[in-house]
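Reading through the structure tokens given below for one structure.
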Protein chains: 2
Amino acid sequence: MPRQVDHDQRRAELAEALWRLASTRGIEAVSLREVAAEAGVSMGRVQHYFASKDDMLAFALELANERAGARIRARLAGDPGPERILREVLTEMLGLNAESRQFLLLGIAFLNRAITSEAIATRMSDGDAELRGFLASLVAAAVGERRGVDPDREARILIQLAAGLGVEVALGQTAPDEAVATVDYYLRRLLG
Amino acid sequence: MPRQVDHDQRRAELAEALWRLASTRGIEAVSLREVAAEAGVSMGRVQHYFASKDDMLAFALELANERAGARIRARLAGDPGPERILREVLTEMLGLNAESRQFLLLGIAFLNRAITSEAIATRMSDGDAELRGFLASLVAAAVGERRGVDPDREARILIQLAAGLGVEVALGQTAPDEAVATVDYYLRRLLG
């Protein structure tokens, strides 16, 4: 279905234009009109693909999320086991490469918009629940039935830890190797 | 020194006006002129007390931080010991009362501005280092020399955990009792 492929491709190109603009100026300052100019298309084309700026932001965030998933899968050849998957997912969240830093900065802007938009707050929350379920299943598989370990709580903690450190790395507040060492420390304590 | 008291008092009143406006509309949308109107003073007065919006934001965040400290000290009567202090500090970060929620929303807006302002990113980072040192000393006092526990790493983890959960509570994404239960779970695992 070439039409659908084309549609997704155009939307991805616009999202990429948004990322480029937002990475230097922040997302609040970027208008749909500027995204159109950056992508070399008309404002009408942009409006054909996105109903609003929030709609574009949501798509950009989901696309960044999908690509992060693809990067993780690419690094996990063979039969990696739950511990290695867990480590790869968390490491991807730490903003160690340009794309994941971009994703984190987008996430901050999104968080800021969630203050005034319940729709965005809910959307973020849904995405988080999905990741939490996935991490909880990995923790459960990795630690088994060890006494005192609650996989769902551990998943919540791991998300806050990796996302928070990732934001600090993306903003240049924490050194990448410090963030990695902190996640490693936590996993060592959790997995024994 | 009544003059200094007056100066601090006026700055606090302006910061409170900013909080009221920002809580419904987000901080990006609020101008210094609107803060002046909300506080019932002239734009000239505002400019007398603050050089820029970022200057006012930084003061508002520091004031919120001081007040959080005062609330914690008020709850800690007698000789509470490191474990209880640790629990109170982390609980205060969870956005369970209106003031601390306000503080968290301000923190998100600040984070968003840190994307485009290195000065703000550095300022946040300094505040974080101070809190980290304090939490690390509490962890060290509470767990002693237990093998495998690194107080500085634990402090980093606790900050990310409590701040991240607090943001979710402030945005209505996580229930307050869920956030408290997660912090309690972590402290139980850490302190035994």
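Since we're looking at a predicted model, the values are computed, not measured. Convention: sequence-line order gives letters A, B, ...; per-chain numbering from 1.
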If we check side-chain contact (heavy atoms from CB on, under 4.5 Å) with A:L171, which of these qualifies: B:T122, B:I120, B:L111?
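Result: among B:T122, B:I120, B:L111, B:L111 is the only option passing the side-chain contact (heavy atoms from CB on, under 4.5 Å) with A:L171.
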
Stepwise side chain to side chain contact (heavy atoms under 4.5 Å, CB included) check, B:E168 with A:D128
CA-CA 10 Å; B:E168 291 190 359; A:D128 234 41; 3.0 Å; yes

Go through the atoms of B:L104 and report whether side chain, backbone, both or neither lie under 4.5 Å from a heavy atom of chain A.
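No part of it gets close to chain A.
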
Interchain contact, B:L165 with chain A, by part (heavy-atom threshold 4.5 Å)
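The answer is both parts of B:L165.
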
Closest heavy-atom contact between A:Q160 and B:L161?
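It is CB-CA, 4.0 Å.
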
May I ask you to name which of A:V183, A:I157, A:T174 has the most heavy-atom pairs under 4.5 Å with chain B?
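Result: the option with the highest number of such pairs is A:I157.
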
Around atom CD of B:E178, are there more than 12 heavy atoms from other residues, nucleotides or ligands closer than 6.0 Å?
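More than 12 heavy atoms, drawn from other residues, nucleotides or ligands, come within 6.0 Å of this atom.
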
So for atom CZ, which belongs to B:R33, do other residues, nucleotides or ligands contribute more than 12 heavy atoms lying within a distance under 6.0 Å?
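Atom CZ in B:R33 is not packed in, count stays at 12 or less.
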
Would you say A:V167 ends up clustered with B:L131 if hydrophobic residues are merged whenever their side chains have heavy atoms under 4.5 Å apart, either directly or through other cluster members?
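No; A:V167 is not reachable from B:L131 via cluster members.
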
If I measure from the heavy atoms of chain B, does A:A181 come under 4.5 Å with its side chain, its backbone, both, or neither?
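For A:A181, heavy atoms of backbone and side chain both lie under 4.5 Å from chain B.
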
Any donor-acceptor N/O pair, B:Q173 side chain to A:A121 backbone, under 3.5 Å:
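Yes; judged by distance alone, with no hydrogens or angles, the pair exists.
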
For chain A, find which of B:G172, B:A109, B:A22, B:S125 contributes the most heavy-atom pairs closer than 4.5 angstrom.
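The candidate making the most pairs under 4.5 Å is B:S125.
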
